[in-house]
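See below for the structure under consideration.
Position 1 is the first residue of the sequence; numbering continues from there.
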Amino acid sequence: MVSSASDAAVLAADACAEAGLTVPELPGPLIADPLAVLPPGARAVNPVDTTATVPGTRHGAVDAVLVTLIPTALSAATGDDPARALVPPSGTRPRPIATVLLDQDVPLQLLQGGAAAVPAYADPTSATRALAHAVSSAHRHAEPLGTAPALEDIDSEAAAALVADFLAHNPEGGWAGPQLCGALLDAYGTPQSPWEWATDADAAVAAAERRGGEAGWH
């Protein structure tokens, strides 16, 4: 995480924690390398505060980078746009990057480059949530693909015929009645409680006699 102000860096680190992301403790070499080029007063422990200078660095301990940029008198005087350094003119970025531009007037914009675009958010919370969603998606895609189980006692042709007959009599569609639902469940081997369909009291009594007081039937 890189920032041009300590307060903004801490705010972004807190937002990462709330989103379930880890702000790792940086190893010694990764702290020493930026300090060699950063101006006095800069901070190289995570979250990093580079002041107005942003050096480039790559390290295996960092999976993604959240960059928080605040307008400074130096950038205003020189006309330099630090956000341009985040967008590679060619090739690909070694790490996913999201940035927070606290002075932008839209919630989200894309910083376009020659090879890729970097999402820029107006506040750290939105940026960290986006990174958290990206992490979750990456974890899901990394999981091995499942296999479809071989199901027995499945009569998909009978089920298709039941549906086709229902639609033939109800071209506009509609709710399937209990009898059709029961037949579909039977076609797919889905266990059901014993039941019978009765249209009047006499049929209900006859069904009860056939079942002989069987527990659990409907």
Acceptor/donor pairs from residues 157-174 side chains to any protein atom, 3.5 angstrom cut, sequence neighbours excluded:
residue: His169; atom: ND1; partner: Asp165; partner atom: O; Å: 2.8
residue: Asn170; atom: ND2; partner: Phe166; partner atom: O; Å: 2.9

Identify the heavy atoms of Gly189 and Ile154 that sit nearest to each other, and give their distance.
N-CD1, 4.4 Å

Taking atom types as modelled, find out whether Ser136 and Arg140 have a side-chain donor-acceptor pair closer than 3.5 angstrom.
yes

Sorted by chain and residue number, the side chain to side chain contact (heavy atoms under 4.5 Å, CB included) partners of Ala134 (sequence neighbours excluded) come out as none

Over all heavy atoms of both residues, which pair between Ala207 and Glu196 is shortest? Give the atoms and the distance, please.
CB-OE1, 3.5 Å

Asp200: partners by side chain to side chain contact (heavy atoms under 4.5 Å, CB included), with sequence neighbours left out:
Asp202, Ala203

Could you name each residue pair satisfying side chain to side chain donor-acceptor pair (under 3.5 Å) that touches residues 173-188, not counting sequence neighbours?
Asp186-Gln192

Could you report the tightest heavy-atom contact between Gly182 and Trp195, atom names first, then the distance?
CA-CZ2, 3.9 Å

Which pairs with one or both residues in residues 142-153 pass side chain to side chain donor-acceptor pair (under 3.5 Å), sequence neighbours excluded?
none

Can you see which heavy atom on Leu110 is nearest to which on Pro119, and at what distance?
CD2-CA, 3.8 Å

Heavy-atom pair with the smallest gap, counting every atom of Asp123 and Val100:
C-CG1, 3.8 Å

My understanding is that only residues two or more places apart in sequence, or in another chain, count here; which of them pass side chain to side chain contact (heavy atoms under 4.5 Å, CB included) with Ala130?
Tyr121

